[in-house]
Amino acid sequence: METLKNFSIMFLSLFLLISSTLLSLTSGEVQRHQFVIQATPVKRLFNTHNRITVNGMFPGPTLEVRNGDSLEVKVVNKARYNVTIHWHGVRQMRTGWADGPEFVTQCPIRPGGSYTYRFTIQGQEGTLWWHAHSSWLRATVYGALIIRPRLGESYPFPKPNLETPIVLGQWWDANPIDVVREATRTGAAPNVSDAYTINAQPGDLYKCSSKDAGETNLLRVINAALNQPLFFAVANHKLTVVGADATYIKPFTTSVLMLGAGQTTDVLIKADQRPVRYYMAARAYQSAQNVPFDNTTTTAILEYKSSKKGNAPKPIMPSLPAYNDTNTVTAFSRSFRSPRKVQVPTEINESLFFTIGLGLNNCPPNFRRSRCQGPNGTRLAASMNNVSFMLPRSISLLQAHQQGIPGVFTTDFPGTPPVKFDYTGNVSRTLFQPITGTKLYKLKFGSRVQVVLQGTSIIAPENHPIHLHGYDFYIIADGFGNFNPKRDTSKFNLVDPPLRNTVAVPANGWAVIRFVADNPGVWLMHCHLDVHITWGLAMAFLVENGFGELQSLPAPPSDLPLC
């Protein structure tokens, strides 16, 4: 059986090698950009603050490429904070050094330093985005990454008349870095944001013009909010979903979107209503009960060019779901399908089960009470399989792996929960405290991996957007309560499941994903609510090299930042 398994992995590796070679023969152009990280005066909510931006722009520059193009982005840090940039959703095939999470694939770019990210877009089309991956800088350091088809190829839907990025965000009047530092000091939850934004504007200041009646606009919607899943709708208009996370989707029509933090959704909207002004709006989906959240609504205006100017009537407001409308979220999430039958991994080499959720750390004896302001004098925490992830501080995980440096991490991340319990029931207080560690899970190149992501009811059950760096994965099922393989395996969609890079795991529920470990390196998996990754809701896969150069991690670039 072991020989057969190794043969199947070798066969798959050969197939992947041939595929990689063919892709390299159809490469596109090289685009070069410079990102200057700098403090910029930004006025929002009647106040002007210095905020960290890219090239003085908020949101940052939109990068537009084609499938097969390569990007070289030189990041120059003129701010007072360390920074890295992550290219959210880019597969980064053999370019793990360009992935960007701080102390995972690189040390941060220090103030005054620079680093050039080099990578190629391979087999992806649609909408991704980029953002800072260092502390909470991504509150203002983010932008869209638009990937169009190769020259001579077209969308699998009628070409739209317009394309518009719609980037949803969160705004704090306080410095976001100070917000997370204060929460880290006290052990309590951070202050909630003061507003949500559409293309960095909290109100009606952003206008999205539609050309004329009957024409179609492609909205590329990105949830760049730091800590919140969001509903999105346009008054009186249906939205036809055609893509998500830079993959095409079997088209379906809806009146509302829900995007987990980090997710993208491409929708077609037709100008088929009266030529007046309409609000597009976003507000929170809040699945955690009795937890403070930003309950504001952000709006922008969809304006028909033929609408009357001057004393125009107030725009029509869309009907958004209630903030806790999980039924709408479930119906929307389960509408996603791949356009056709896909090759889902079936003979699984690695069957993993990860619990994801919050926890509490007891107050250390040497801490003052002011540093333990979580429930009942504790400090809030989060974990996967009861391990609260701790980043190294002297070298990145990828460097330690590539150079064989001992003592930086271990490879004993548990593949199943250390203790089995009623994950979504009344959990014993004795199970609230996780252990801390820098634990990785090792995968052989070519492994076919299934991960059950199981939410828990510890502290507050919540919808968790789980993002995997360096990979897309098929979401083959989800549900509520505890995952039961005897009952729930029958729900697996092995025909046309959606391909995503971020899965919204239902509150008090579970999701099952599958992927092939075809990209060597160290790849972070984490909750994309930044408050949760701050508390440790993360782990990393160490994918070993395969056979030969095309299945191995290359040496680091010469300008990789030093710690």
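Atom set for the values below is all heavy atoms of this structure, side chains included, hydrogens, waters and symmetry mates excluded.
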Using a 6.0 Å cut-off, check whether atom CZ of Arg185 has over 12 heavy atoms from anything other than its own residue.
yes
With under 30° as parallel and over 60° as perpendicular, where do the rings of Trp136 and Trp172 fit, or are they tilted in between?
tilted
Determine whether Asn67 and Glu125 satisfy the following criterion, side chain to side chain donor-acceptor pair (under 3.5 Å), listing intermediate values before the conclusion.
CA-CA 6 Å; Asn67 183 5; Glu125 294 177 11; 3.3 Å; yes
Pair Phe353 + Tyr423: ring centers closer than 6.0 Å:
yes
Taking the six-membered ring for Trp and the full ring for Phe, Tyr or His, determine whether the centres of Tyr117 and Tyr115 are under 6.0 Å apart.
yes
Do the rings of His131 and His528 sit parallel, tilted or perpendicular, given the 30° and 60° boundaries?
perpendicular
Whether Glu72 and Arg32 form a salt bridge (side-chain N of Lys/Arg under 4.0 Å from carboxylate O of Asp/Glu) is what I want to check.
yes
Is it true that the side chains of Thr186 and Gln373 contain a donor and an acceptor less than 3.5 Å apart?
no
Before we go on, tell me: are the rings of His86 and His469 under 6.0 Å apart, centre to centre?
yes
Pair His88, His133: side-chain N/O donor-acceptor within cut-off below 3.5 Å
no
Name the orientation class of the two ring planes belonging to Trp129 and Tyr142 (parallel below 30°, tilted from 30 to 60°, perpendicular beyond 60°).
perpendicular
Residue Asn47 excluded, over 12 heavy atoms near CG under 6.0 Å
yes
At their closest point, which heavy atom of Asn463 faces which heavy atom of Pro506, and how far apart are they?
ND2-CA, 3.9 Å
Parallel, tilted or perpendicular, as decided by the 30° and 60° cut-offs, for the rings of Phe35 and Trp87
tilted
OG1/Thr105 to CG/Leu524 distance, rounded to the nearest 0.5 angstrom?
9.0 Å
Which residues pass the side-chain contact (heavy atoms from CB on, under 4.5 Å) test with Val427, sequence neighbours left out?
Phe421, Leu431, Phe432, Ser457, Ile458
Is any NZ, NE, NH1 or NH2 atom of the basic residue among Asp518 and Arg91 found under 4.0 Å from an Asp or Glu carboxylate oxygen of the other?
yes
Look only at the side chain of Asn77 and the backbone of Gly112, and say whether a donor-acceptor pair between them is shorter than 3.5 Å.
no
Around atom CD of Gln403, are there more than 12 heavy atoms from other residues, nucleotides or ligands closer than 6.0 Å?
yes
Tell me whether the NZ or CZ atom of Arg371 lies within the 45° cone about the ring axis of Phe367 and under 6.0 Å from its centre.
yes
Between Phe409 and Phe389, ring centroids under 6.0 Å:
no
Cation-pi between Arg500 and Phe473: NZ/CZ under 6.0 Å from ring centre and within 45° of the ring axis?
no
Taking Gln170 as the fixed residue, which of Ser193, Pro202, Pro176 is the one that meets the side-chain contact (heavy atoms from CB on, under 4.5 Å) rule?
Ser193
